[in-house]
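As a basis for the values below, the full set of heavy atoms in this structure was taken, side chains included, without hydrogen atoms, waters or symmetry mates.
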Amino acid sequence: MMFNSIDVGKAAMKLAITTREEEKDMLIHLDGMGIKGAAVDIGGNISQSIPKILERSLVASKRGGLIADEYAQEGAVIGACRDALAQVMMKASNLNVGGKIGIARSEHDICICIFLSIGLLHLDEVVVGMGHRGLEK
């Protein structure tokens with residue numbers, strides 16, 4: 001079955017908003033549809049954690065079988081993750097966050113969604129960022 005980039009983006013977002021328990025069922029569901037997925041938790045000071053977030057998205061993509069150990073595919077993951085980070089940084093810069101990265105791939109599309117809770121004293125703010133890249137099979 002062929003999916004477009006919107007379908008893959010929705011899958012990445014669904015993974016990013018799941019709990020760890022829900023994530024396993026979601027991965028099985030997506031796999032049955034023909035979409036590969038992976039997810040990883042993140043947290044800490046967002047500005048200081050950028051290299052770690054990029055690394056975690058790359059490792060999760062490889063472990064989940066979404067990408068090969070190949071320069072262009074690794075670059076696509078890093079680029080999509082940086083796009084998603086740019087969207088959340090406007091709200092979260094230099095603040096503590098906790099959340100999750102959802103990654104989904106179907107054929108030529110890979111999407112990364114970052115879903116975060118931002119700790120502001122006793123107020124919690126929520127932010128979502130999405131990045132997309134096209135890949136060769």
Side-chain angles (χ1 to χ4, degrees):
M1 182 177 221
M2 183 92 163
F3 296 97
N4 62 30
S5 56
I6 292 172
D7 298 323
V8 180
K10 287 178 184 179
M13 185 170 287
K14 287 177 184 177
L15 278 169
I17 63 173
T18 60
T19 64
R20 275 286 167 207
E21 296 77 32
E22 296 167 337
E23 177 187 318
K24 293 173 186 158
D25 291 335
M26 181 59 67
L27 287 170
I28 292 167
H29 174 71
L30 291 174
D31 192 50
M33 293 173 51
I35 296 176
K36 290 186 178 188
V40 63
D41 293 324
I42 56 173
N45 181 295
I46 188 82
S47 300
Q48 296 170 357
S49 300
I50 290 173
K52 192 65 143 176
I53 292 168
L54 294 171
E55 179 184 332
R56 285 188 176 183
S57 66
L58 190 57
V59 169
S61 297
K62 288 181 182 180
R63 281 192 186 154
L66 280 73
I67 63 165
D69 193 12
E70 182 181 298
Y71 180 79
Q73 292 188 8
E74 291 174 350
V77 169
I78 295 297
C81 190
R82 288 179 58 93
D83 285 353
L85 275 168
Q87 293 168 29
V88 300
M89 286 300 291
M90 291 182 274
K91 270 191 166 183
S93 186
N94 284 315
L95 296 172
N96 287 324
V97 300
K100 197 168 176 186
I101 300 172
I103 309 163
R105 179 171 184 190
S106 177
E107 303 211 17
H108 298 289
D109 294 292
I110 190 160
C111 289
I112 295 183
C113 179
I114 300 176
F115 180 75
L116 298 173
S117 172
I118 305 166
L120 273 165
L121 302 170
H122 63 283
L123 304 170
D124 282 331
E125 185 64 68
V126 178
V127 66
V128 177
M130 177 77 69
H132 168 267
R133 288 291 186 277
L135 290 171
E136 290 187 24
K137 279 187 177 180

Visitor: If you take all heavy atoms of Cys113 and Ala16, which pair is closest and at what distance?
Guide: O-CB, 3.7 Å
Visitor: Donor-acceptor pair, distance only, cut-off 3.5 Å: does the side chain of Arg133 make one with the backbone of Val77?
Guide: no
Visitor: Treating Gln73 as the side-chain partner and Ala68 as the backbone partner, does any N or O pair qualify as donor plus acceptor under 3.5 Å?
Guide: yes
Visitor: Compute whether any side-chain donor of one residue and acceptor of the other, for His132 and Asp83, lie under 3.5 angstrom apart.
Guide: no
Visitor: Check whether Val126 and Met130 end up in the same hydrophobic cluster, where Ile, Leu, Val, Met, Phe, Trp and Tyr are linked by side-chain heavy atoms less than 4.5 Å apart.
Guide: yes
Visitor: If I compare all heavy atoms of Ala84 with all of Gly131, which pair ends up nearest, and what's the gap?
Guide: CB-N, 3.8 Å
Visitor: Among the clusters formed by ILVMFWY side chains lying less than 4.5 Å apart, do Val97 and Ile53 turn up in the same one?
Guide: yes
Visitor: Kindly give the heavy-atom pair with the smallest separation between Asp109 and Phe3, and that separation in Å.
Guide: OD2-O, 3.9 Å
Visitor: Could you check whether any side-chain heavy atom of Lys100 comes within less than 4.5 Å of a side-chain heavy atom of Glu23, counting everything from C-beta outward?
Guide: yes
Visitor: How far apart are the closest heavy atoms of Ala60 and Ala39, and which atoms are they?
Guide: CB-O, 4.5 Å
Visitor: Please determine whether the number of non-hydrogen atoms from other residues, nucleotides or ligands lying under 6.0 Å from atom NZ of Lys62 exceeds 12.
Guide: yes
Visitor: Looking at CD1 of Ile112 and CG of Leu85, how far apart are the two atoms once the value is rounded to the nearest 0.5 Å?
Guide: 9.0 Å
Visitor: Testing Val127, Leu116, Asn94 for side chain to side chain contact (heavy atoms under 4.5 Å, CB included) with Ile46, which one passes?
Guide: Leu116
Visitor: Drop me the distance from Cys111's SG to Met13's CE, to the nearest 0.5 angstrom.
Guide: 9.5 Å
Visitor: Mind checking the CG-CG spacing from Asn45 to Leu95? Nearest 0.5 Å is all I need.
Guide: 7.5 Å
Visitor: With a 4.5 Å heavy-atom cut-off, do Met89 and Ser47 have their side chains touching?
Guide: yes
Visitor: How long is the gap from CD1 on Ile110 to OG on Ser5, to the nearest 0.5 Å?
Guide: 13.0 Å
Visitor: Kindly work out whether a path of hydrophobic side-chain contacts (I/L/V/M/F/W/Y, heavy atoms less than 4.5 Å apart) joins Leu54 to Leu135.
Guide: yes
Visitor: Look up atom OG in Ser57 and atom CG in Leu66, then write down how far apart they are to the nearest 0.5 Å.
Guide: 11.0 Å
Visitor: Under the criterion side chain to side chain contact (heavy atoms under 4.5 Å, CB included), I'd like the reasoning laid out for Leu15 against Leu30: C-alpha separation, chi angles, the key distance, then a yes or no.
Guide: CA-CA 10 Å; Leu15 278 169; Leu30 291 174; 3.8 Å; yes
Visitor: Do you know the tightest heavy-atom contact between Glu136 and Arg105?
Guide: O-NH2, 3.1 Å
Visitor: Heavy-atom count check: over 12 atoms from other residues, nucleotides or ligands less than 6.0 Å from Ile50 CD1?
Guide: yes
Visitor: For Phe115 and Val88, what are the C-alpha separation, side-chain angles and deciding distance, and is it a side chain to side chain contact (heavy atoms under 4.5 Å, CB included)?
Guide: CA-CA 9 Å; Phe115 180 75; Val88 300; over 6 Å; no
Visitor: Check the hydrophobic clustering (I, L, V, M, F, W, Y; side-chain heavy atoms under 4.5 Å; chains of links allowed) and say if Val59 and Ile103 are grouped together.
Guide: no
Visitor: Please check if the side chain of Thr19 supplies one atom and the backbone of Glu22 the other of a donor-acceptor pair under 3.5 Å.
Guide: yes
Visitor: For Thr18 and Leu27, run side chain to side chain contact (heavy atoms under 4.5 Å, CB included): C-alpha distance rounded to whole Å, both residues' side-chain angles, the deciding distance at 0.1 Å, then the answer.
Guide: CA-CA 10 Å; Thr18 60; Leu27 287 170; over 6 Å; no
Visitor: With side chain to side chain contact (heavy atoms under 4.5 Å, CB included) as the test, would you mind laying out the steps for Ile42 and Ile114 before giving the verdict?
Guide: CA-CA 9 Å; Ile42 56 173; Ile114 300 176; 4.0 Å; yes
Visitor: So how far is it from Met33 CE to Ser106 OG, rounded to the nearest 0.5 Å?
Guide: 8.5 Å
Visitor: Within the side chain of Lys36, is there an N or O that forms a donor-acceptor pair under 3.5 Å with the backbone of Gly64?
Guide: no
Visitor: Tell me whether Glu74 contacts the main-chain N or O of Leu58 through its side chain, where contact means a donor paired with an acceptor under 3.5 Å.
Guide: no
Visitor: For Arg20, does the CZ atom sit with more than 12 other heavy atoms under 6.0 Å from it, leaving out its own atoms?
Guide: yes
